[in-house]
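Beneath this line is the structure, given in structure tokens, with notes to follow.
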Amino acid sequence: MKISIIGGAGTLGAAIAFRLCQNDQVDELCLIDVNESLLMNHLMDFKTAYPAKTIYKGNFQDLTGSQLILITAGVPNRNDIESRNIFLRGNIPMFQSFGTHIKKYASDAFIITVSNPVDALNYYLYRNFDFKKGQLLGYTVNDSLRFEQAIRSVMEISEDAHLFSPVIGEHSSTQVPLFSQTRLNGNPLALKAEDEVAIKEKLNRWFIEFNRLNINRTTGWATAAGIGRLIDGIVTNGEVDTIGSAIVEGEYGIVDISIGVPVTVSKVGVISIHEWQLAKAELADYQHSAETIKQLIKPFIR
């Protein structure tokens with residue numbers, strides 16, 4: 001499987017590349033980045049660790065033959081912000097270039113958007129370059145992982161217990177943690193109202209506390225681990241159920257936007273979107289989240 005990473009020298013791109021090198025079925029990795037010296041530094045290191053792996057510095061023409069393209073490039077991360085949405089204006093010109101080259105050299109590839117704001121940028125590729133909606137997925141799994149962290153911490157749930165705790169909606173402040181769908185070892189998790197409040201507070205403070213460390217890096221390891229598991233599942237089982245920002249056309253009463261939603265993906269992209277029975281308040285929050293994304297990206301759509 002050939003995978004290309006646009007932004008391969010950055011925190012996200014390099015961490016993901018390292019994780020993908022551990023998958024034997026990923027036999028070719030093409031890394032593209034404007035910071036060529038940093039990219040070559042990573043490549044020298046990668047080749048020492050994985051001498052049998054085909055991994056190299058590429059250009060946009062080298063996207064040809066890619067089955068999967070990961071976009072991790074974007075404006076530099078900042079820790080003086082309250083929302084990832086502030087990155088949109090700076091990232092739009094980059095995505096205009098990325099979309100143009102992907103359409104030219106790898107028009108049928110499965111594209112995973114990792115750069116933020118992921119929902120708006122994923123939708124931008126769909127509307128401005130006429131990719132099929134199933135070709136596009138925005139990575140949002142970290143929201144669900146942090147929801148799980150918050151639940152385990154507040155409820156003191158052991159690490160060996162299986163916890164399913166999905167978050168849908170915008171990959172930002174209007175995200176919707178689905179308490180109605182949360183399961184502990186396959187059974188509904190009973191929570192008191194005060195437990196839900198404590199869990200939401202802990203979840204909502206994660207981004208604030210991360211930025212307070214005053215380090216200008218993003219969550220490379222968590223994202224690399226999540227994408228690594230996703231691709232492991234795809235190449236091993238053919239299909240994977242996950243949460244991601246996908247183009248919806250009527251699901252949950254929402255149309256023509258990219259938003260975090262339960263999906264099944266394969267090597268070719270998103271093959272189905274699942275409609276769960278949400279609590280009334282969750283559905284209202286979800287539809288509000290969709291409207292937030294629409295208003296954010298509206299000025300940039302042709």
Exercise. With the side chain counted from C-beta on, respond yes when Ile259 and Ser289 share a heavy-atom pair under 4.5 Å apart, and no when they do not.
Key: yes
What do the steps show when you test Ile71 against Leu125 for side chain to side chain contact (heavy atoms under 4.5 Å, CB included), and what is the final call?
CA-CA 11 Å; Ile71 305 178; Leu125 290 175; 3.9 Å; yes
Between Leu184 and Ala161, the two heavy atoms sitting closest are CD1-CB, 3.9 Å
Check your understanding: Does the pair Lys103/Asp130 count as a salt bridge with the N-to-O cut at 4.0 Å?
Key -> no
- Task: Apply salt bridge (charged side-chain N to carboxylate O under 4.0 Å, His left out) to the pair Asp232 and Arg19, showing each step before the final yes or no.
- Result: CA-CA 10 Å; Asp232 288 350; Arg19 174 61 177 81; 2.4 Å; yes
Exercise for the section: Answer yes or no: are there more than 12 heavy-atom neighbours, outside Glu156 itself, under 6.0 Å from its atom CD? Expected result: no
| query | Do other residues, nucleotides or ligands put more than 12 heavy atoms under 6.0 Å from Gln277 CD? | reply | no
All heavy atoms of Gly10 vs all of Asp33, minimum pair found to be N-OD2, 3.7 Å
Heavy-atom closest pair (Leu63 atom, Ser66 atom, distance to 0.1 Å) is O-OG, 2.7 Å
**Q.** Asn41 side chain vs Met44 backbone, donor-acceptor pair below 3.5 Å
**A.** no
task = Step through the shown structure and confirm whether more than 12 heavy atoms of other residues, nucleotides or ligands are within 6.0 Å of CZ on Arg89.
result = no
Between the side chain of Gln135 and the main-chain N/O of Ala109, is any donor-acceptor distance below 3.5 Å?
yes
Notebook entry, point to check: Is it true that Phe95 and Tyr123 have ring centroids separated by less than 6.0 Å?
Noted result: no
Should Leu20 and Tyr56 be counted in the same cluster of Ile, Leu, Val, Met, Phe, Trp and Tyr side chains packed under 4.5 Å apart? no
Exercise for review: For side chain to side chain contact (heavy atoms under 4.5 Å, CB included), just list the numbers for Ile234 and Leu230, CA-CA rounded to whole Å, side-chain angles, deciding distance to a tenth of an Å, and then say yes or no.
Suggested key: CA-CA 6 Å; Ile234 289 172; Leu230 174 64; 4.2 Å; yes
key: Donor-acceptor contact below 3.5 Å, side chain Ser180 vs main chain Leu278   = no
To the nearest 0.5 Å, atom OH of Tyr124 lies from atom CG of Asn91 at 11.0 Å
Tested for side chain to side chain contact (heavy atoms under 4.5 Å, CB included) against Ile112, the lone hit among Leu136, Val118, Leu68, Ile69 is Leu68
Q.
For Ile247 and Phe131: C-alpha separation, side-chain torsions, deciding distance, then whether side chain to side chain contact (heavy atoms under 4.5 Å, CB included) applies.
A. CA-CA 11 Å; Ile247 310 299; Phe131 290 111; over 6 Å; no
Margin query: Same cluster or not: Val268 versus Val240, using hydrophobic residues (I, L, V, M, F, W, Y) connected whenever any side-chain heavy atoms lie under 4.5 Å apart?
Written below: no
**Request:** Identify whether Ile243 and Leu203 are in the same connected component of the hydrophobic contact network (ILVMFWY, side-chain heavy atoms under 4.5 Å).
**Result:** no
pair Lys57-Leu43: side-chain heavy atoms closer than 4.5 Å: yes
Exercise. With a 4.5 Å heavy-atom cut-off, do Phe179 and Leu191 have their side chains touching?
Worked result: yes
In this structure, would Phe147 and Phe164 fall into the same cluster of hydrophobic residues linked by side-chain contacts under 4.5 Å? no
Looking only at heavy atoms, the pair that brings Lys53 and Val26 closest together is NZ-O, 2.7 Å
- Task: Apply the test side chain to side chain contact (heavy atoms under 4.5 Å, CB included) to residues Val261 and Tyr286: give CA-CA distance (whole Å), side-chain angles for both, the deciding distance (0.1 Å), then the verdict.
- Result: CA-CA 10 Å; Val261 68; Tyr286 190 51; 3.5 Å; yes
Exercise for the section: Give a yes or no on whether the backbone of Gln96 and the side-chain of Thr100 come within a donor-acceptor separation of less than 3.5 Å. Expected result: yes
So OG of Ser258 and NE2 of His171: to nearest 0.5 Å the spacing works out to 12.0 Å
*asked:* Hydrogens and angles aside, do Asn142 and Thr223 bring a side-chain donor and acceptor to less than 3.5 Å of each other?
replied: yes
TODO: Please work out which of the three classes, parallel, tilted or perpendicular, describes the rings of Phe46 and Phe18, given edges at 30° and 60°.
DONE: parallel
For the backbone of Thr64 and the side chain of Lys2, can you confirm whether one donor and one acceptor N or O come within less than 3.5 Å of each other? yes
Exercise. Can you find a heavy atom in the side chain of Thr219 that is under 4.5 Å from one in the side chain of Arg146?
Worked result: yes
Between the CD atom in Glu196 and the CD1 atom in Ile151, the distance rounded to the nearest 0.5 Å is 9.0 Å
According to a 4.5 Å side-chain heavy-atom criterion applied to Ile, Leu, Val, Met, Phe, Trp and Tyr, with indirect links allowed, do Ile16 and Trp221 form part of one hydrophobic cluster? no
- Task: Kindly say whether Ala73 contributes a backbone atom to a donor-acceptor pair with the side chain of Ser115 at under 3.5 angstrom?
- Result: yes
>> Take a 6.0 Å sphere around NZ of Lys133 and say whether it holds more than 12 heavy atoms from other residues, nucleotides or ligands.
In response: yes
Kindly indicate whether the side chain of Tyr126, heavy atoms from C-beta on, has any atom under 4.5 Å from the side chain of Asp256. yes
Rounded to the nearest 0.5 angstrom, the CD-CG distance for Glu170 and Leu296 is 7.0 Å
Check: Between the side chains of Gln287 and Glu291, is a donor N or O closer than 3.5 angstrom to an acceptor N or O?
Finding: no
TODO: Answer yes or no: is there an ion pair linking Glu148 with Arg152, defined by an N-O contact shorter than 4.0 Å?
DONE: yes
Student check: side-chain heavy atoms of Phe98 and Leu121 closer than 4.5 Å: no
So OG1 of Thr140 and CG of Asp119: to nearest 0.5 Å the spacing works out to 7.0 Å
For Ser97 and Pro93, indicate whether the former's side chain and the latter's backbone hold a donor-acceptor pair under 3.5 Å. no
Taking Thr72 for the side chain and Gly7 for the main chain, is one N or O donor matched with an acceptor at less than 3.5 Å? yes
What I'd like to find out is whether the side chain of Gln25 reaches to under 4.5 Å of the side chain of Met1, using heavy atoms alone.
no
Measure from the side-chain N and O atoms of Gln181 to the backbone N and O of Val167, and report whether any donor-acceptor pair falls under 3.5 Å. no
Heavy-atom donor-acceptor pair, Asn237 side chain to Glu239 backbone, under 3.5 Å
no
Between Pro262 and Ile168 the two heavy atoms that sit nearest each other are CD-CG2, 4.1 Å
In this structure, CD of Glu249 is separated from CD1 of Ile257 (nearest 0.5 Å) by 10.0 Å
key: Close side-chain approach of Val154 and Lys200, heavy atoms under 4.5 Å   = no
Shortest non-hydrogen pair, Trp276 vs Pro166, comes out as CZ3-CG, 3.6 Å
